[in-house]
There are 2 protein chains.
Amino acid sequence: MAKNVCDLKSCFLCRFCLNDWLPAIAAARQNFELKRGQQLFNEGDPAKGIYFIYLGIVKVHKRWGREKDLILRFAKAGVVVGQLGLGDDASYPVSATAIAPVVACFVDMEFFESTLSVNAGFSRQVIKVLANDLQESEKRMRNLAHMPVKGRVAQALITLKNQFGITADGYINIDISRQDLASFTGAAYESLFRMINELIEEKLITVSGKSILIADENALLRLTEDAGL
Amino acid sequence: MAKNVCDLKSCFLCRFCLNDWLPAIAAARQNFELKRGQQLFNEGDPAKGIYFIYLGIVKVHKRWGREKDLILRFAKAGVVVGQLGLGDDASYPVSATAIAPVVACFVDMEFFESTLSVNAGFSRQVIKVLANDLQESEKRMRNLAHMPVKGRVAQALITLKNQFGITADGYINIDISRQDLASFTGAAYESLFRMINELIEEKLITVSGKSILIADENALLRLTEDAGL
DNA sequence: CGTATCTTTGAGTCATGTCAAAAACGGTGG
DNA sequence: CCACCGTTTTTGACATGACTCAAAGATACG
């Protein structure tokens, strides 16, 4: 296996670019650093390339009106962002914003495309990422349509736990604002708030500051099944 | 350009498979015929391959509980279905059901994968399809979360018009049950019904039997913008 | 002509979003 | 160390959109 370009063990890009491509990648890539709240790109921006998250966490979200938005997914180290620019539309249909300090490596779209055209293994991986994202997206879409807020909160917490793991004392290992949690659930801030309270009452979760601990994962899971999925 | 294997002018598969692959494809493919209501595959089935719609219309949907489901998208002639099987999970996460008599050509997953691995143009097309589907899915996801039912109905009608066109007398060229229309908007049957009535009252659409005619597309579009997207 | 399926209507309920205000928190600078 | 200000959290009251249930018309169909 080729040496990593970007010193990240699980870098998506590096894993699938063979040796001959390494110099080209090294030349093509370009690093970005972002503080919490800064945007990698914004909805509507021309899609100039793809970003590989090197460090930190990015939320991928889509606006509605002036105030509301929906968080579609989170991307952490080793994950690719901006792949939607690969569609027919030449502009990003979503925004990507850092929710923890981020280092991302940018790869120009042209270079990315040319890599796709000669590296089948890499293409296959991109296809897999897209297919997985699409699966996830369609599942959440169904949930948004039919699952009540409480179940969606439960689902969101489980998703976060699976994606970010837990700390030594059991709390979900992500520092996320309630506002973002609400956006991720697809619910109003206050609704999320009340649901969190209910979950605490029912002893399914514990909260300390911003951190959340899942106390009874099975019960949470049951909330996501409801009508006997 | 290669001669079509399946005699369909816009067959996705044929457009991107070069001459050397034609015999192999011809050997690998397998035709299916379905009557209205029959399933191509069902949620949870092992993903054995990909289907190219040759004729007719298929709804791709995902169940919730025993009664409800959400229609994710429609696939018509020339479109590929089952691509979600390309993810990590080896089973279809959705169902595909004919809503008009269908002829589909099935391609074994193994063969499909091997085509991907040697035909970059084909891979690129698959990536494009997935990226477009993902974009559409995420847009609808946001709409489900924030847009009221009326706007979603408007959106659904416009989408159908764009996808299926209109007949000589202006009606959207698809024969779809109210039930399916409700599932496509992500609303209860009765809710959809009332919204359709409102839209008729407001002279934005006209209905004749099952057929729907968009009378004022701009007004419909305005319903989908609401908070000044 | 009777049975089944789909459409249409009404009434009632409930979940969820909205609004507004109080309380708690966190940092900043005097 | 405290007073101040902006932000986030918490609570309550309220409005209403959307779903549910049930029943009455239609329409199709054998």
Side-chain angles (χ1 to χ4, degrees), chain A residues 35-37 63-71 99 141-156 174-202 205-212 223-224 226-228, chain B residues 35-37 64-70 99 140-156 175-202 205-212 223-224 226-228:
Chain A
K35 292 188 195 133
R36 182 182 252 267
R63 242 179 274 297
W64 173 253
R66 187 152 298 283
E67 299 285 309
K68 306 179 193 173
D69 70 347
L70 179 73
I71 294 179
I99 65 168
M141 197 163 131
R142 194 257 336 252
N143 292 349
L144 238 11
H146 294 306
M147 193 189 280
V149 169
K150 192 164 181 179
R152 302 211 302 269
V153 173
Q155 178 71 65
I174 184 177
D175 180 17
I176 183 178
S177 75
R178 289 292 142 96
Q179 188 50 257
D180 278 345
L181 200 48
S183 295
F184 187 50
T185 311
Y189 180 97
E190 296 91 330
S191 297
L192 172 93
F193 184 78
R194 292 175 227 266
M195 289 309 161
I196 293 280
N197 277 346
E198 286 189 29
L199 293 177
I200 294 173
E201 294 274 314
E202 297 162 15
I205 63 173
T206 307
V207 169
S208 152
K210 257 185 196 173
S211 307
I212 298 173
L223 284 175
T224 70
D226 220 16
Chain B
K35 292 188 195 134
R36 182 182 251 267
W64 173 257
R66 187 152 298 281
E67 299 285 308
K68 303 179 195 176
D69 70 346
L70 179 73
I99 65 168
R140 289 191 61 207
M141 199 163 131
R142 188 225 24 213
N143 292 349
L144 239 11
H146 294 307
M147 193 188 282
V149 168
K150 193 165 179 178
R152 302 211 303 269
V153 173
Q155 180 71 65
D175 181 16
I176 183 179
S177 76
R178 289 292 142 94
Q179 189 51 258
D180 279 344
L181 200 48
S183 295
F184 187 49
T185 47
Y189 181 98
E190 295 92 327
S191 298
L192 172 93
F193 184 80
R194 292 176 230 266
M195 289 309 161
I196 292 278
N197 277 346
E198 286 189 29
L199 293 177
I200 294 173
E201 294 272 315
E202 298 163 13
I205 63 171
T206 307
V207 169
S208 151
K210 258 184 195 173
S211 309
I212 297 174
L223 284 176
T224 69
D226 220 17

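Reminder, nothing fancy here: chain letters follow the sequence lines and each chain counts from 1. Being a predicted model, the structure only gives us computed values, none of them experimental.
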**OP:** Sugar-phosphate atoms are those with a prime plus P, OP1 and OP2; base atoms are the rest. Using that split, label each nucleotide of nucleotides 15-21 of chain C B, S or - for protein heavy atoms under 4.0 Å, 5' to 3'.
**Re:** -SBBBB-
Subject >> Pair listing, salt bridge (charged side-chain N to carboxylate O under 4.0 Å, His left out) test, anchored in residues 179-196 of chain A, at least two apart >> reply: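 Sorted pair list: A/Lys59-A/Asp180.
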Subject >> Residue pair B/Thr185 / B/Lys150, side-chain heavy-atom distance below 4.5 Å >> reply: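 Side-chain contact under 4.5 Å: no.
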Original post:
Under a 4.5 Å cut-off applied to non-hydrogen side-chain atoms, are A/Val153 and A/Leu181 in contact?
Top reply: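 A/Val153 vs A/Leu181: side chains apart.
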Without decimals, in angstroms, what is the distance between [X] [atom1] and [N] [atom2]?
X: B/Arg178; N: C/dT9; atom1: CZ; atom2: P; value: 12 Å
X: B/Gln179; N: C/dA4; atom1: CD; atom2: C1'; value: 16 Å
X: B/Asn197; N: C/dT7; atom1: CG; atom2: C1'; value: 10 Å
X: B/Tyr189; N: C/dT9; atom1: OH; atom2: P; value: 11 Å

[atom2] on [Y] to [atom1] on [X], rounded to 0.5 Å:
X: B/Leu192; Y: B/Gln179; atom1: CG; atom2: CD; answer: 9.0 Å
X: A/Ser211; Y: A/Ile205; atom1: OG; atom2: CD1; answer: 11.5 Å
X: B/Met141; Y: A/Met141; atom1: CE; atom2: CE; answer: 9.0 Å

Original post:
Hey, where on DNA chain D does chain A first and last touch, going 5' to 3'? Cut-off is any atom under 4.0 Å from a heavy atom.
Top reply: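 Nucleotide range in contact with chain A: D/dT9 to D/dA13.
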Subject >> Flag, side chain of A/Arg36 to backbone of A/Ile99, donor-acceptor distance under 3.5 Å >> reply: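 Yes.
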Subject >> Verdict with supporting geometry, A/Thr224 and A/Asn143, side chain to side chain contact (heavy atoms under 4.5 Å, CB included) >> reply: CA-CA 9 Å; A/Thr224 70; A/Asn143 292 349; over 6 Å; no
